[in-house]
Amino acid sequence: MNDTIAARIRRIRKDMADAAAKSGRPPSAVRLMAVTKTVDEARIREALAAGVDVLGENYVQEARRKIERLGTDVPWHGIGHLQTNKAKQAVKLFTLIHSVDRIGLAEEIDRRAAAAGRVTHILIEVNVTSEASKSGVPLSQALPLVHAVSALKNVSVRGLMTLPPWSDDPEASRPCFAALRRLRDQIRAECLECCVMEELSMGMSQDYRVAIEEGATIVRIGRLIFGERPARG
Ligand SMILES: *Cc1c(COP(=O)(O)O)cnc(C)c1O
C-alpha cells in the first residue's frame with residue numbers, strides 16, 4: 001500500500017457511511033478508532049490530521065508515551081487485555097476501557113477510579129464463540145458479569161465489545177456481531193443502574209462493514225489505516 005493515510009481514511013469513511021445507511025443510521029452513529037499499537041508518532045499525526053474520532057491502544061506503557069507526545073484532543077481508549085495491576089494506569093490514561101472481562105478487574109478499576117475522584121467508563125468484552133485462546137467473558141456468563149459490575153459506583157458500563165475468531169471472510173463474523181447486539185438489547189431492556197448500553201465496539205480492518213451493518217458504534221481499525229504491523233518479538 002503506497003497510498004496515503006489520509007486517502008485510506010477517506011475510503012474507510014465512505015464505506016462506513018454506506019454500511020451505516022444499510023443499518024438505517026446516519027454516518028455520525030459510528031465512530032472510527034485508529035488502532036495505534038506499534039505505530040510511530042509521525043503516522044499517528046497523519047491519521048489525526050485526516051480526522052479520526054478515537055485513538056486505541058493495547059498496551060498501557062505505549063499509551064502513556066504516546067499520550068504525553070500527542071495529547072488528548074482526540075480521546076484515547078484502552079482495547080488490550082488488561083492485567084489487574086495495570087488498572088490504576090488505565091484509569092488515568094483512557095476515557096473508555098473496552099476490555100473488562102472479569103469482576104476482579106472491574107472492582108480494581110472501581111477502587112482506582114474512586115481514589116482519583118472519577119467514574120471510569122468501561123465496556124464488557126464478550127468472547128461470543130468461547131474460543132479458548134481469547135480473553136473476554138463467555139457469552140453465557142456475560143449477563144451475570146454485567147449485573148455484578150453495574151453495582152460498582154465508580155464504574156459505568158457503556159456497552160459491549162467483541163473480537164471474533166480471525167477469518168479472511170468478513171461474513172464469518174456476522175453471527176458473532178449479531179449475537180453481541182442481541183445481548184446489548186437484552187441488557188438495555190433491563191434498565192440497570194450505572195449501565196448505559198449505548199456502545200457496541202466491534203469490527204476491525206477485515207470486517208468493519210459487516211460490524212456496522214449489525215449495529216457497531218465504534219470500529220477499531222489498525223492495518224487498513226497504517227499498513228501491516230511488524231511481527232511482535
Ligand atoms: C489490533 C487490534 C485491532 C485492530 O486490528 P486490525 O486488524 O489492525 O484492524 C482491533 N481491536 C483489537 C482489540 C486489537 O488488538
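Order of appearance sets the numbers: ligands from 1, and atoms from 1 within every ligand. Throughout, residue positions are numbered sequentially from 1 according to the sequence presented.
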(request) Name all residues meeting the side-chain contact (heavy atoms from CB on, under 4.5 Å) criterion together with Ala49; count only those two or more places apart in sequence or in a different chain, and write none if there are none. (result) none
(message) Could you work out, with salt bridge (charged side-chain N to carboxylate O under 4.0 Å, His left out) as the rule, every residue matching Glu199, not counting sequence neighbours?
(response) Arg31
(request) Using heavy atoms and a cut-off under 4.0 Å, could you grab the residues that are in contact with ligand 1, chain by chain, numbers ascending? (result) Val35, Lys37, Asn58, Ile79, Leu163, Met204, Ser205, Arg220, Ile221, Gly222, Arg223, Arg229
(message) For Ala115, give me all partners under side-chain contact (heavy atoms from CB on, under 4.5 Å), at least two apart in sequence or on another chain.
(response) none
(message) Can you tell whether the side chains of Asp18 and Lys14 come within less than 4.0 Å, N to carboxylate O?
(response) yes
(request) Check the side chains of Gln206 and Arg223 for a donor-acceptor pair under 3.5 angstrom, ignoring hydrogens and angles. (result) yes
(message) Restricting to non-hydrogen atoms, name the atom on Ala216 and the atom on Val30 that form the minimum distance, rounded to 0.1 Å.
(response) O-CG2, 3.6 Å
